[in-house]
Amino acid sequence: MPGTTHVATMCSSSSYEAMRPIRPLKRGLRILGGRARHAARGLERRIRRRLLNRNRGARESRALHLLAGDGTPPQTALTAEQIDSFQREGCLWPFTLCAPETMVEIREYLRAVTLQYDCAVEGFPNTKWRHLDDPVVYRLCAHPAIVERVGALLGPDVLLWQSNLFDKPPGASEIPWHQDRLFLEVEGGTNVSAWIAIDDVDEHNACVEVIKGSHRSVVPPADPSARRGKSDRAFGRMADPRLVDASRAVPVRLRAGQFMLFHEFLLHRSAQNASHRQRLGLAVRFTTPQTRVTHQLDAYHTLLVRGRDRAGINRMGLPPAPSSEPGS
Amino acid sequence: MEGGPRHVYLPPVTLVCVGLYGSASTWLYNACRRVLACDSRELRIASFFSDRPLSEDGGTPGAPSPFATPGWDAAVVKMHEGSAEALELINSEGVQVLITIRDPRDCLISVMDRFGWRFETALDRIEASLRLVDRVLQVPGALILRYEEGFMREVGTLQRIARCLARDLDEETSSRLFAELTPARIDGLTRDYSANDETLGTNPAGRLFHRISHWHQGHCGDGAIGKWRYSLRPAQEALVRARIWREITRLGYAGHGR
């Protein structure tokens, strides 16, 4: 321990001898100090969680109530022109999931509750796969406004298998051009993603940018050895920038509560958030039950959000149960 | 069965109620029986509890299984743990499956309280029950009812059951049937049980139960949600996590552990 070394070297041998009886006491105090610090940290965590949990049920109920809407069926249809446009350009937006003022409250829940915890499914941090353990995230992901439109693109049977909250605070760095499929742990099939704006997003706070029509060809990834840095294992699979015509980039401006649908091979990126505004988005991956999800985690499962599972190759589960539903 | 393939007589209407222990599966089973009994025709309905429905008797000792003899119009079977036979029945064409689920940790506490099972026994049984639920969760068209949503307190559940059977149930009938399934009515029924009654048996906790309805004395628990948090010791919780965490997650209860 640095402190011990310091004491020993600063004392003369006689005074060092004189201190001998005190050393166990000091060590004891040091250990006790460590334990006390540990206990204090544990207590702080417990108090924090208790305070969070105290309001969690009410916040969750409120958010779920808001997402349920007023009973009016949401606009869910895609026109033939929109389907044709998706085939041609690989993306479609904007669609409305909920009003911006509704999303303000949802955002408050996500920040105050969801993001305060790691995902209950081990191995995932607080931003990943929260549709498995957070009912509000699930309801966002499986909202009929999204699922019915995805169904129009993928067919009657739709599987929800991944979600990521992309929290990009001011100053957060760029995510370079990439095609999602190279990162997806699936075999076969096609994936359609929904990108839900939790905050208003535009060029200033690093909205997603896309290159329309780029889903028609695979852009080889950059050489992994060409980059360094802590997240470069992932960046190694980012598209080779020399093969990307960035002049064709289109910003996907969305109001909070709107969303975009895009194809798994669509080239997209987001710049550094150079603004003072937050930028929280939720990306949701959908495919068909015939696609094999190859995720290895034991507790992982997929969710059927539309139609039927006619393939039976993925482990299916049920949506997260609301923690505050009546029944007690 | 010995001596070659078994011949199964499948009644035209066959309902299988699969439920975790303590998930209000008996309520659902009896609700199904009552909805079926509302049919204007005089149906011959067999209803019983069995994890081996094709070979065991129909609840009452000596009563033949409806699947062993022809002539039954309907069968309602309740099961918790299942068997190869149970899966054979569940996967038969035309069988309607209804599933009741609950946070398995609350199920544990429920059976420990009501059946007097030790923790280890309760965990073994809940695990076996989860294995069956896991197998049937993907049965097409299965009606899945979550305890925490309070389906047993909703008159609309009876209408949902009726819709599964492609039947209509008017509001008046629904309300009448529902009134027969309230905790007060069930408590009243079970209080009057007499040990001399041949239609009754004794459950693992030594309480009397009706062989057909399966209501037992002290059936209606407190229904509390999340009571496991205050009842399971840390070591028990760790064991639960080690044994059934995947199923807890799969049923959507992973986020309830905080």
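Chain naming here is simple, since letters A, B, ... match the order of the sequence lines and numbering starts at 1 in each. This structure is a prediction, so every number in the text was calculated from the model and none was measured.
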From CG (Leu318(A)) to OH (Tyr253(B)), nearest 0.5 Å: 8.0 Å

Rounded to the nearest 0.5 Å, what separates atom CG in Asn314(A) from atom CD in Gln138(B)? 8.5 Å

Has Arg160(B) got more than 12 heavy atoms of other residues, nucleotides or ligands less than 6.0 Å from its CZ? no

Can you find a heavy atom in the side chain of Arg146(B) that is under 4.5 Å from one in the side chain of Pro319(A)? yes

Engaged part of Ile248(B) at the chain A interface, taking heavy atoms whose separation is under 4.5 Å: neither

Where on Arg315(A) is there a heavy atom nearer than 4.5 Å to chain B: the side chain, the backbone, both, or neither? both

For Leu251(B), which atoms come within 4.5 Å of any heavy atom of chain A: side chain, backbone, both, or neither? both

Residues His301(A), Arg246(B); criterion side chain to side chain contact (heavy atoms under 4.5 Å, CB included); working and verdict: CA-CA 9 Å; His301(A) 60 260; Arg246(B) 189 178 80 170; over 6 Å; no

Check the surroundings of atom CD in Glu120(B): do more than 12 heavy atoms from other residues, nucleotides or ligands lie under 6.0 Å from it? yes

More than 12 heavy atoms from other groups under 6.0 Å of CZ on Arg207(B): yes

Ala254(B) to Ala120(A) - nearest heavy-atom pair and separation: O-CB, 3.2 Å

In terms of heavy-atom proximity below 4.5 Å to chain A, should Arg241(B) be classed as side chain, backbone, both, or neither? side chain

With a cut-off of 6.0 Å (strictly less than), are more than 12 heavy atoms of other residues, nucleotides or ligands near CZ of Arg181(A)? yes

If I measure from the heavy atoms of chain B, does Asp134(A) come under 4.5 Å with its side chain, its backbone, both, or neither? neither

